[in-house]
Amino acid sequence: MPSMAPISRTNNTEQHNLFNGEKPIFKNIRQQIEQQRRALPIASARRRLVEEIRKNDTLIIVGETGSGKTTQLPQYLFDAGFHRDGVIGITQPRRVAAITVAKRVAEECGITLGQKVGYAIRFEDVTSSSTKIKYMTDGLLLREALLDPYLSKYSVIVVDEAHERTVQTDVLLGLLKNIQQERSRSGDVKNGNKTLEGSMQLDKKDDSQNISILNQCNGKKCSPLKLIVMSASLDARVFSEFFGGAKAVHVQGRQYPVEVFYTHQPETDYIEATLITIFQIHLEEDPGDILVFLTGQEEIESVERLIREKLQLLPEANRNLLAFPIFSSLPSEKQMKVFMPVAIGFRKVILATNIAETSVTIPGIKYVIDPGLVKARAYQARTGIESLAIVKTSKAQALQRSGRAGREGPGKSYRLYPEYEFEKLANSTTPEIKRCNLSNVILQLKARGINDIMKFQFIEKPEGIAIMKSLESLYLLGALTEEGTLSDPLGQQMVRLPLDPLYSKALVLASQFNCLEEMLISVAMLSVESIFYAPREKLEESRKALKFFSSSEGDHLTLLNVYRASEEFLKKNAGMNSAKAEKSLRRWCKENFINSRSLKHARDIHSQILRIVQQMGLRFVSCGEDMLLFRRCLAASFFLKAALKQPDGTYRVLSSGLIVQIHPSSVLFRAKPECVVFDELVKTNNSYIRNVTRIDYLWLPELAPQLYAPEE
Ligand code: CDP
Ligand code: MG
């Protein structure tokens, strides 16, 4: 059992009593919501904020998490009339935040979601022509900028959670800076002869398209774009400097004291330590909900199951604990559950990814459990290989996490590591742009007509070698010409798909290989986390279930089998109404040890991409029984991720020389074929490749001569 010793208290800030000791009696929900809104720290700064936004084209707003920035500011802007010049757009790094916040704001406005207030994320658009406050992911706005280079429908863009410094946020900030300058100049444009300057230079091909958009923007008297950057980190300097000394305002937050506990020793099994701490709090501490920070869906779902099992071992009276997961790919109808109050006498335990650090604030939290880990992307520019790894949080993240316990009253935070480990943590997290593969964003910038990536104004420039590597891989994929422009048709087609360039390439190629039906299912299944689950106590049964679907050719075909089996099942039950059919599909999933949430997500993604490939006019056919075609198509698209077996049973990634192993979850873990392509690299103590399929080594020089054919 991790023994907790109170070592230190975080800085005690001023205590506030929101209601002067009296709980107001609310007449109805609307009044209650109004009260809550007025009690938020940002409410007292309302007038000043609106004034500053009127005065400044760019404003940085800094305020602690939970002070009301995301939910309130857009409403203030609306009430002040900013929507009259165009939509008020707010970007979030995460889908869940965009969805839950939009729902909350729609509720606060007393309207149906999708009317005045809406949201849009990849593959899901809940907006209409009357939407004036639009929440969306930063990635989505980047894609919108491809179709509407001046983002002319927006009057204000709020880049929220900028402190997270996701790669999409960073690129967006660079782009918005350009767009803002262009828009404030657009009033001078009288005809289509204007050329764009600097990094916005368009290649010839795009000229006609962009000039017409320019006119359109001019015709509409495109108003200057207001830009607001919001951040929960107190250091606003980097943003202010980037925007030429833009003004920064600070919204005073409210924070109650949080007592921080550490373990005496490092924990060997943090999942076990997490469970023990949850139950220790549940059984010994005062009422109040618990927030646990875990690293991903798989871990969250396994802890959720373990909690349920352990509860069964407790006396009836102590089973009043309810677990709720929240992670990015959770279906949206499930996400709101974490915000709902539970029955009196029950305690909630929320199992969250780092999404709950700053993006969403869940009311009622009094206890935080922080194992100190986070799943993060890592990128080695030299090898060009990107991986997912579980790494330690930064100090800033640990402080944010603890802070979640002190929103409504004094709280407690349990860090599942010793205090001396805290001292060793990095102060802040490295911006993602410095540790990820840039192919995706570079492709988008190229499509936007920004040809010289080196000259693009990044808020923090990625390493030159990382840019070069990404350009090289896009060239090898055939998305870029030798001159570095978008190729026609492949590059142009790839840009239309909102996917990783490798997946986009696979889909475009599959239409030529006559296996688009199969590739589309693969891509949808690869886009979600963990289709299979294997609870510890039912390992044997789950293995048997997996065998039923497994293909000796590899994981891609195994995933295909699962998807098709689920379709068969639904076909058989076609007579049922949809709620009943879904319920029986969930049961089928459970019997087969398939994660029904993930499968549902994959089905949604599938239908969305299907629509796009149909619009693009790609040939949507099946290769029938001829799986060789499908595997050849995989080889032709994933050749950058091909690996060859070594005498010792490990594999060497051919494009980089990296030594890896097949992940134990793969159906090829034991078979160890000579040559494979893989989908992703995961790093723990070893480097593992996941979602692996057998290919023939000799296909590589034939299908990817640009990399594998020896030069004559
Ligand atoms: O953006 P910031 O962290 O400054 O705060 P916010 O997300 O606007 O949250 C303000 C308040 O709204 C918090 O007290 C949340 O608990 C509440 N909220 C909620 O009750 N339900 C949501 N879906 C979102 C926010
Ligand atoms: Mg926020």
Side-chain angles (χ1 to χ4, degrees), residues 6 9-26 29 31-45 63-73 97 100-101 103-105 107-108 232 251-261 277-278 281-282 284-293 320-324 326 335-352 354-370 397-415:
R9 272 172 180 271
T10 52
N11 282 347
N12 289 4
T13 46
E14 205 186 329
Q15 290 206 22
H16 291 259
N17 191 336
L18 306 190
F19 302 120
N20 294 328
E22 281 172 6
K23 275 236 150 64
I25 301 157
F26 299 117
I29 292 185
Q31 268 180 314
Q32 186 175 340
I33 284 180
E34 268 314 304
Q35 284 272 8
Q36 282 172 357
R37 288 191 63 194
R38 276 202 296 270
L40 286 170
I42 199 172
S44 51
E64 272 122 65
T65 310
S67 51
K69 301 183 297 300
T70 311
T71 52
Q72 305 308 305
L73 190 86
T100 57
V101 168
K103 285 189 177 163
R104 167 75 185 180
V105 174
E107 194 182 305
E108 288 184 10
V251 176
Q252 201 64 41
R254 266 185 212 123
Q255 180 70 25
Y256 293 87
V258 174
E259 204 173 347
V260 178
F261 300 85
T277 314
I278 291 173
I281 295 169
H282 179 52
E284 293 168 15
E285 296 286 338
D286 293 341
D289 298 336
I290 308 170
L291 172 62
V292 187
F293 287 97
N320 50 349
L321 179 72
L322 290 170
F324 294 93
I326 183 158
Q335 288 166 2
M336 294 314 282
K337 284 200 169 167
V338 301
F339 295 96
M340 304 202 177
V342 288
I344 291 175
F346 275 77
R347 192 198 293 273
K348 271 202 290 197
V349 49
I350 288 148
L351 310 171
N354 62 340
I355 177 150
E357 235 168 67
T358 62
S359 301
V360 297
T361 298
I362 300 153
I365 302 296
K366 193 174 167 66
Y367 307 97
V368 163
I369 301 178
D370 177 14
Q397 282 180 294
L399 292 170
Q400 277 289 355
R401 289 179 173 192
S402 292
R404 310 291 76 227
R407 280 259 309 124
E408 294 165 19
K412 292 183 179 178
S413 165
Y414 302 81
R415 295 192 182 141

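Index from 1, following the sequence. Values below: every heavy atom of this structure, side chains too, minus hydrogens, waters and symmetry copies.
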State, yes or no, whether a side-chain contact exists between [X] and [Y] at a heavy-atom distance under 4.5 Å.
X	Y	answer
Gln36	Leu40	no
Phe339	Ile362	yes
Thr71	Thr361	no
Val258	Arg404	no

Atom of [X], atom of [Y] and distance for their closest heavy-atom approach:
X	Y	result
Pro41	Gly66	CD-O, 4.4 Å
Ala356	Leu291	CB-CD1, 3.9 Å
Leu351	Ala323	CD1-CB, 4.4 Å
Val338	Ile350	O-CD1, 4.1 Å
Glu357	Arg401	OE2-NE, 2.9 Å
Lys366	Ala405	O-CB, 3.5 Å

Straight-line distance of [X] [atom1] to [Y] [atom2], nearest 0.5 Å:
X	Y	atom1	atom2	result
Ile290	Arg347	CD1	CZ	5.0 Å
Glu259	Lys412	CD	NZ	5.5 Å
Leu322	Lys337	CG	NZ	10.5 Å
Lys69	Glu64	NZ	CD	8.0 Å
Lys348	Ile365	NZ	CD1	7.0 Å

| said: If we count only N and O atoms by modelled type, under 3.5 Å, do the side chains of Gln72 and Glu108 hold a donor and an acceptor together? | reply: yes

| Can Thr70 and Arg104 be counted as having a side-chain donor-acceptor contact under 3.5 angstrom? | no

| Do the ring planes of Tyr367 and Tyr414 sit parallel (below 30°), tilted (30 to 60°) or perpendicular (above 60°)? | tilted

| request: Using atom types as modelled and distance alone, determine if a side-chain donor or acceptor of Lys103 lies under 3.5 Å from a backbone N or O of Met336. | output: no

| Under the side chain to side chain donor-acceptor pair (under 3.5 Å) test, which residues partner Gln400, sequence neighbours left out? | Thr65

| Check against side chain to side chain donor-acceptor pair (under 3.5 Å), Ser402 and Arg415 | CA-CA 8 Å; Ser402 292; Arg415 295 192 182 141; 2.8 Å; yes

| remark: The single option from Asp370, Thr358, Asn354 that satisfies side chain to side chain contact (heavy atoms under 4.5 Å, CB included) with Gln397 is Asn354

| message | Suppose we screen for side-chain contact (heavy atoms from CB on, under 4.5 Å). Which residues come up paired with Gln335, at least two apart in sequence or across chains? | response | Val96, Ile99, Thr100, Leu330, Ser332

